[in-house]
Amino acid sequence: MDKVVATAVEAVADVPDGASLAVGGFGLSGVPNVLIQALYERGVGGLSVVSNNCGAMDSGLAVLLAAGRIARVTGSYIGANKEFARQYLAGELEVEMIPQGTLAERLRAGGAGIPAFYTPAGVGTQVADGGLPWRYDGQGGVALASPPKEVREFDGVQYVLERGIRTDFALVRAAKGDRHGNLVFNKSSRNFNPLAAMAGKITIAEVEELVEPGELDPDAVHLPGVFVQRVVALTPEQATDKRIEKRTVSAPEARGTVSA
């Protein structure tokens with residue numbers, strides 16, 4: 001089945017207001033910026049987003065966040081996103097913060113058809129006991145707090161029950177993809193992308209290089225096409241448009257030379 005869609009706008013044309021989205025990426029690495037921009041241009045709002053973080057600087061999900069298009073975020077990292085923090089504390093945004101490994105497994109479990117699992121991460125904290133602020137009232141008070149979760153003992157160790165995550169759509173970015181939706185990710189840009197792709201009922205992948213079926217070594221495929229419903233081939237300009245979040249260079253005097 002040829003899953004290639006002509007444009008990003010066409011690929012996200014049926015994403016409605018209020019949809020839930022699993023979005024790959026971490027910081028500026030492996031973020032499906034083109035698909036996110038297409039959603040922004042369509043004016044879609046009220047979105048519930050599941051992603052490690054909610055964009056960085058003025059790229060990725062930060063584009064939708066700044067426009068007030070996101071209603072709820074399930075994630076594990078805020079970073080230096082000041083607008084994220086402002087909306088959260090002002091009561092404009094509902095936020096469920098969970099341990100990063102738990103988020104990864106919740107996405108994977110949802111995609112694998114596993115409704116819930118037990119993990120020791122978060123036992124003895126508000127992650128398990130409840131009380132984490134999901135939404136503030138804008139006056140410093142908590143309008144909505146997380147509920148307590150089931151805790152159970154296995155072999156003398158306490159574990160908390162976490163639910164698998166399934167979303168209406170998933171947006172991911174891959175280095176290579178074929179027309180059947182098989183994807184290959186490049187190094188650290190793999191991050192949350194395969195997991196987000198698994199969790200989406202309809203997964204849309206933007207690929208930097210589109211190849212024909214059979215060109216990818218089956219042993220090199222990171223995500224099989226069964227998890228992907230739509231593929232968008234990026235232009236060369238879109239594929240190479242990659243930013244650096246924090247550029248760090250050594251001071252000239254620190255580099256020095258090594259003498260024999």
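This is a predicted model, so every value here is computed, not measured.
- Looking only at distances, no side-chain donor or acceptor of Asn182 sits under 3.5 Å from a matching main-chain atom of Val221.
- Leu171 and Leu65 fall within a single hydrophobic cluster, where Ile, Leu, Val, Met, Phe, Trp and Tyr side chains are chained together by heavy-atom contacts under 4.5 Å.
- No single ILVMFWY cluster, assembled from side-chain heavy atoms under 4.5 Å apart, contains both Leu107 and Val49.
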Apply the test side-chain contact (heavy atoms from CB on, under 4.5 Å) to residues Leu28 and Ser59: give CA-CA distance (whole Å), side-chain angles for both, the deciding distance (0.1 Å), then the verdict. CA-CA 8 Å; Leu28 303 184; Ser59 68; 3.0 Å; yes

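- The minimum heavy-atom distance between Glu83 and Ala66, with the atom names listed, is CG-CA, 4.4 Å.
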Going through the distances and angles, do Arg135 and Glu96 end up as a salt bridge (Lys or Arg N to Asp or Glu O under 4.0 Å)? CA-CA 9 Å; Arg135 181 183 291 277; Glu96 179 183 3; over 6 Å; no

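- Looking only at distances, no side-chain donor or acceptor of Ser48 sits under 3.5 Å from a matching main-chain atom of Ser20.
- The 12-atom threshold is exceeded at CZ of Arg86, counting heavy atoms of other residues, nucleotides or ligands nearer than 6.0 Å.
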Please evaluate residues Asn33 and Asp241 with respect to the criterion side-chain contact (heavy atoms from CB on, under 4.5 Å), reporting the C-alpha separation (whole Å), side-chain torsions for both, the decisive distance (0.1 Å), and the verdict. CA-CA 10 Å; Asn33 287 309; Asp241 183 17; over 6 Å; no

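- A continuous path of ILVMFWY side-chain contacts below 4.5 Å connects Leu89 to Val95, so both sit in one hydrophobic cluster.
- A continuous path of Ile, Leu, Val, Met, Phe, Trp and Tyr side chains, each step under 4.5 Å between heavy atoms, connects Ile70 with Phe169, placing both in one hydrophobic cluster.
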Report the C-alpha separation of Val211 and Leu216 in whole Å, then their side-chain angles, then the decisive distance to 0.1 Å, and conclude whether the side-chain contact (heavy atoms from CB on, under 4.5 Å) test is met. CA-CA 8 Å; Val211 301; Leu216 294 178; 3.8 Å; yes

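- Between the side chain of Asp17 and the backbone N or O of Val44 there is no donor-acceptor pair closer than 3.5 Å.
- Counting heavy atoms from C-beta outward, Val63 and Asp58 have side chains that stay 4.5 Å or more apart.
- Not one N or O on the side chain of Thr167 forms a donor-acceptor pair closer than 3.5 Å with the backbone of Ala170.
- When all heavy atoms are compared, the tightest approach of Asp137 to Gln139 is OD1-N, 2.7 Å.
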Run the salt bridge (Lys or Arg N to Asp or Glu O under 4.0 Å) test on Arg179 and Glu212 for me, step by step, so that the C-alpha distance in whole Å, both residues' side-chain angles and the decisive distance to 0.1 Å come before the verdict. CA-CA 6 Å; Arg179 292 181 178 274; Glu212 296 302 318; 3.1 Å; yes

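- To the nearest 0.5 Å, atom CG of residue Asp129 and atom NZ of residue Lys149 are 10.5 Å apart.
- Thr74 and Arg72 form a side-chain donor-acceptor contact under 3.5 Å, judged by distance and modelled atom types alone.
- Between the side chain of Asp2 and the main chain of His180, no donor-acceptor pair closer than 3.5 Å is present.
- Atom CZ in Phe84 sits 10.0 Å away from atom CG in Leu61 (nearest 0.5 Å).
- Taking Tyr88 as the reference, Tyr136 meet the ring-ring contact (aromatic ring centres under 6.0 Å, His included) condition, with sequence neighbours excluded.
- Remark: the backbone N or O of Phe185 is not paired with any side-chain donor or acceptor of Ser189 at under 3.5 angstrom.
- Qualifying ring-ring contact (aromatic ring centres under 6.0 Å, His included) partners for Phe26, counting only residues two or more places apart in sequence or in other chains: Tyr77.
- Note that the NZ atom of Lys176 and the NE2 atom of His222 stand 11.0 Å from one another [nearest 0.5 Å].
- Taken to the nearest 0.5 Å, the CZ atom of Arg173 stands 5.0 Å off from the CG atom of Leu234.
- Cluster membership for Leu47 and Ile202, using ILVMFWY side-chain heavy atoms within less than 4.5 angstrom, is shared.
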Test side-chain contact (heavy atoms from CB on, under 4.5 Å) on Leu210 and Glu215; report intermediate values, then the result. CA-CA 10 Å; Leu210 178 67; Glu215 290 188 38; over 6 Å; no

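- Nearest heavy-atom pair across Cys54 and Asn81 is O-ND2, 3.1 Å.
- Nearest heavy atoms, Val231 versus Asp178: CG2-O, 4.0 Å.
- Within the 3.5 Å criterion, the main-chain N or O of Val34 finds a donor-acceptor partner in the side chain of Glu206.
- Donor-acceptor pairing under 3.5 Å is lacking for the side chains of Glu162 and Tyr118.
- Partners of Tyr159 according to the ring-ring contact (aromatic ring centres under 6.0 Å, His included) rule, which considers only residues two or more places apart in sequence or in another chain, are Phe154.
- In this structure, Ser51 and Gly24 approach most closely via the heavy-atom pair OG-O, 4.5 Å.
- In this structure, Lys3 places its NZ atom where more than 12 heavy-atom neighbours from other residues, nucleotides or ligands lie under 6.0 Å away.
- The structure places CG of Asn52 at 6.5 Å from CG of Leu103, a figure rounded to the nearest 0.5 Å.
- Remark: side-chain polar atoms of Arg42 are paired, donor with acceptor, to backbone N or O of Val12 under 3.5 angstrom.
- When atom types are taken as modelled, the side chain of Arg166 and the backbone of Ala199 share a donor-acceptor pair closer than 3.5 angstrom.
- A salt bridge links Lys242 to Glu208: one of the charged nitrogens lies within less than 4.0 Å of a carboxylate oxygen.
- Side chains of Met97 and Leu132 form no contact here, defined as non-hydrogen atoms less than 4.5 Å apart.
- Shown here for Val232 and Ala11, the closest heavy-atom pair between the two residues is CG2-CB, 3.6 Å.
- For Tyr40, the OH atom sits in a loose shell: 12 or fewer heavy atoms of surrounding residues, nucleotides or ligands are nearer than 6.0 Å.
- Just one residue in the list Val228, Leu35, Leu183, Leu195 forms a side chain to side chain contact (heavy atoms under 4.5 Å, CB included) with Val172, and that residue is Leu183.
- Separation of atoms OG (Ser76) and CG (Asn53) is listed at 7.5 Å; rounding is to 0.5 Å.
- Side-chain contact between Leu39 and Leu21 is present, with at least one heavy-atom pair separated by less than 4.5 Å.
- Side chain of Gln229 to backbone of Thr203: a donor-acceptor contact under 3.5 angstrom is found.
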